[in-house]
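Throughout, numbering of the chain's residues begins at 1 and tracks the sequence.
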Amino acid sequence: MSIDGAKCQGHGRCALIAPEVFDVDDLGMGLVLVDEVPPAAEADVDEAVLTCPENAIHVR
């Protein structure tokens, strides 16, 4: 999973929806915290992907 830094505008929705998977850096840009999505967080990650206004989150 990754966040495209060229697309991310720092809305932080991903970190609000799935804080166990996403955070924001010092500039407010999205960060992925884990290498693999925990099963309990899969629905939250799906929601974060769908609600990202810039479609910057990519799940492999």
Side-chain angles (χ1 to χ4, degrees):
M1 177 175 358
S2 64
I3 295 177
D4 184 337
K7 289 183 176 181
C8 180
Q9 296 295 306
H11 296 284
R13 290 180 185 178
C14 55
L16 291 172
I17 294 168
E20 63 278 11
V21 176
F22 302 104
D23 200 356
V24 293
D25 66 13
D26 293 337
L27 299 175
M29 298 296 126
L31 296 172
V32 178
L33 300 175
V34 298
D35 292 326
E36 293 186 32
V37 176
E42 288 177 358
D44 290 342
V45 169
D46 290 343
E47 182 180 350
V49 169
L50 291 173
T51 62
C52 178
E54 288 79 23
N55 296 314
I57 303 169
H58 303 282
V59 179
R60 296 181 196 117

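Applying the side-chain hydrogen bond (donor to acceptor under 3.5 Å, both in side chains) test to residues at least two apart or on different chains, the pairs with a partner in residues 48-60 are His11-Glu54.
Heavy-atom minimum distance, Lys7 versus Ala56: CB-CB, 3.7 Å. Nearest heavy atoms, Pro53 versus Arg13: CG-NH1, 3.5 Å. In this structure, Gly30 and Cys8 approach most closely via the heavy-atom pair N-SG, 3.4 Å.
Rounding to the nearest 0.5 angstrom, the gap separating the CD atom in Glu47 from the SG atom in Cys52 is 12.5 Å. Cys14 contributes atom SG, which lies 8.0 Å from atom CG of Leu16 (distance to the nearest 0.5 angstrom). Rounded to the nearest 0.5 angstrom, Leu31 CG and Ser2 OG are separated by 12.0 Å.
When hydrophobic side chains of Ile, Leu, Val, Met, Phe, Trp and Tyr are connected at separations under 4.5 Å, Val24 ends up as a singleton with no cluster partners. The hydrophobic cluster around Val49 extends to Met1, Ile3, Val21, Phe22, Val32, Leu33, Val34, Val37, Val45, Ile57, Val59, counting ILVMFWY residues whose side-chain heavy atoms fall within less than 4.5 Å of a member.
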